**Student:** 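One structure is given below, represented as structure tokens, and several questions about it will come after.
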Amino acid sequence: MPEGPEIRRAADQLAAAMGDKPLTDVWFAFPQLKTYEPALLGETINAFETRGKALLTHFSNGLTLYSHNQLYGVWRVVPTGTEPQTNRQLRVRLANVDQTILLYSASDIALLNADTLAAHPFLQRVGPDVLDVTLTEQTVRERLLSAPFRRRQFSGLLLDQAFLAGLGNYLRVEILWHAGLLAQHRAQDLSETQLDRLSQAMLAVPRLSYKMRGSMKKYHAEAAFRFEVFHRQGKKCRRCGSIIEKGVLSSRPFYWCPGCQK
DNA sequence: ATAGGCCTGGAC
DNA sequence: GTCCAGGCCTAT
């Protein structure tokens with residue numbers, strides 16, 4: 001369940017399912033987490049927080065479950081007592097009397113306290129979250145122009161969670177199309193107008209994706225975020241009619257419109 | 001900046 | 001079986 005908007009949507013669903021009801025079942029697959037099961041039983045969940053693609057489940061006793069879904073982890077919500085049949089590896093189960101949340105396949109899971117949370121290697125280095133409503137275009141613009149980010153090509157910069165948290169490959173591709181920029185460009189070389197367009201797109205595109213309930217059509221068949229270039233190689237750009245191209249940048253698939261992005 | 005490895009599931 | 005993927009870490 002990959003990029004920031006999808007993780008945040010999952011967090012919303014988990015929060016709605018668990019509410020503030022006490023936990024009646026706590027189960028972890030990993031042996032080193034099993035010792036925490038009794039301590040969490042009867043506790044409640046204070047909040048599901050996201051920091052980019054990391055999900056933090058804060059329990060009422062002060063512990064926090066850190067989980068990162070990488071490319072493959074997935075959360076499910078089911079009525080308690082109706083665990084689905086699946087080939088996926090169950091890693092976490094938390095339940096109250098009504099609802100059960102299940103985390104499958106994720107391998108990057110830890111239980112943290114206030115101290116270890118602050119010291120966590122990923123959380124320590126992530127930048128501001130693009131879905132944080134207090135993050136403004138002005139702040140993004142200043143960050144783009146600050147050292148060392150100003151010298152870095154967008155191909156790598158937009159995937160770097162230390163720059164901004166929550167962007168991933170489809171958002172990188174879509175943001176650069178919306179801003180009309182090439183992945184080889186650097187902030188230090190942009191005009192004022194280009195900087196405005198980029199900082200605007202960096203917030204607007206992920207926020208629109210979140211509003212549209214993410215990009216994952218398999219899970220949200222109705223209305224998903226619409227890609228303009230991602231996975232559209234060989235098709236016509238809806239803005240200029242040019243044929244969309246595909247390549248590899250920062251060892252990830254990259255898509256662009258040669259007519260719109262120069 | 002880039003390559004390779006890790007982890008897992010789905011498409012083929 | 002093979003390859004690819006929306007991620008991220010480490011080594012170079």
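All chains are named by letter (A, B, ...) in the order of the sequence lines, taking the proteins before the strands, and each is independently numbered beginning at 1. The structure presented is a predicted model; accordingly, all values stated were derived computationally and were not measured.
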**Student:** Starting at CG of A:Leu249 and ending at P of B:dA1, how long is that distance when rounded to a whole Å?
**Tutor:** 12 Å

**Student:** How many whole angstroms separate atom CZ of A:Phe227 from atom P of C:dA5?
**Tutor:** 13 Å

**Student:** Quick one: the dot-bracket string of DNA chain B, using Watson-Crick and G-U wobble pairs with both distances under 3.5 Å, [ ] for crossing pairs and | for bases paired to another strand.
**Tutor:** ||||||.|||||

**Student:** Assess the side chains of A:Asn113 and A:Thr116: does a donor N or O sit below 3.5 Å from an acceptor N or O?
**Tutor:** yes

**Student:** Rounded to the Å, how far apart are A:Arg8 CZ and C:dG6 P?
**Tutor:** 22 Å

**Student:** Quick one: sort the A:His231 and A:Phe227 rings into parallel, tilted or perpendicular, breaks at 30° and 60°.
**Tutor:** perpendicular

**Student:** Check nucleotides 5-8 of chain B for protein N or O atoms closer than 3.5 Å to its own N or O atoms and list the pairs.
**Tutor:**
from  : atom 1 : to       : atom 2 : distance (Å)
B:dC7 : O2     : A:Tyr72  : OH     : 3.3
B:dT8 : OP1    : A:Arg91  : NH1    : 3.3
B:dT8 : OP1    : A:Arg91  : NH2    : 3.1
B:dT8 : O3'    : A:Ser105 : OG     : 3.4

**Student:** Examine C:dG7: is either OP1 or OP2 under 4.0 Å from a nitrogen or oxygen in the side chain of A:Arg252? Give yes or no.
**Tutor:** yes

**Student:** Of the nucleotides B:dA1, C:dA5, C:dC9, which one has an atom closest to the side chain of A:Arg125?
**Tutor:** C:dC9

**Student:** At less than 4.0 Å, is any side-chain N or O atom of A:His68 found next to OP1 or OP2 of C:dG7? Yes or no.
**Tutor:** no

**Student:** Output yes when at least one side-chain N/O atom of A:Lys53 is less than 4.0 Å from OP1 or OP2 of C:dC8, else no.
**Tutor:** yes

**Student:** We want to know whether A:Asp12 and A:Tyr210 form a side-chain donor-acceptor pair, criterion being a heavy-atom distance below 3.5 angstrom.
**Tutor:** yes

**Student:** Would you name the heavy atoms of A:Phe254 and A:Val173 that are closest together and state the gap between them?
**Tutor:** CD1-CG2, 3.8 Å

**Student:** Examine the side chains of A:Glu43 and A:Ser60 and answer whether a donor and an acceptor come within less than 3.5 Å of each other.
**Tutor:** yes

**Student:** Please work out if A:Gly156 contacts a base, only the sugar-phosphate, or nothing of the nucleic acid, heavy-atom cut-off 4.0 Å.
**Tutor:** nothing

**Student:** Mind checking if A:Pro253 touches a base, just sugar-phosphate, or nothing, with heavy atoms under 4.0 Å?
**Tutor:** sugar-phosphate

**Student:** Verify the neighbour count for atom CZ of A:Phe122: are there more than 12 heavy atoms of other residues, nucleotides or ligands below 6.0 Å?
**Tutor:** yes

**Student:** Is a salt bridge present between A:Glu192 and A:Arg141, judged by a nitrogen-to-oxygen distance below 4.0 Å?
**Tutor:** yes

**Student:** Within this structure, what is the CG-to-C1' distance between A:Leu157 and C:dG7, rounded to whole angstrom?
**Tutor:** 17 Å

**Student:** For residues A:His178 and A:Glu228, is any side-chain donor paired with an opposing acceptor at under 3.5 Å?
**Tutor:** no

**Student:** Please report the distance, rounded to the nearest Å, between CG in A:Asn69 and P in B:dG9.
**Tutor:** 12 Å

**Student:** Using whole Å, report how far CZ of A:Phe163 lies from P of B:dA1.
**Tutor:** 13 Å

**Student:** Examine C:dA5: is either OP1 or OP2 under 4.0 Å from a nitrogen or oxygen in the side chain of A:Lys246? Give yes or no.
**Tutor:** yes

**Student:** Send over the distance from A:Ile7 CD1 to C:dG7 P, rounded to a whole Å.
**Tutor:** 10 Å

**Student:** Donor-acceptor pair, A:Arg239 side chain versus A:Trp177 backbone, under 3.5 Å?
**Tutor:** yes

**Student:** Aromatic rings A:Tyr170 and A:Phe225: how do their planes relate, parallel, tilted or perpendicular, breaks at 30° and 60°?
**Tutor:** tilted

**Student:** C:dC4 C1' sits how many Å from A:Gln233 CD, rounded?
**Tutor:** 13 Å

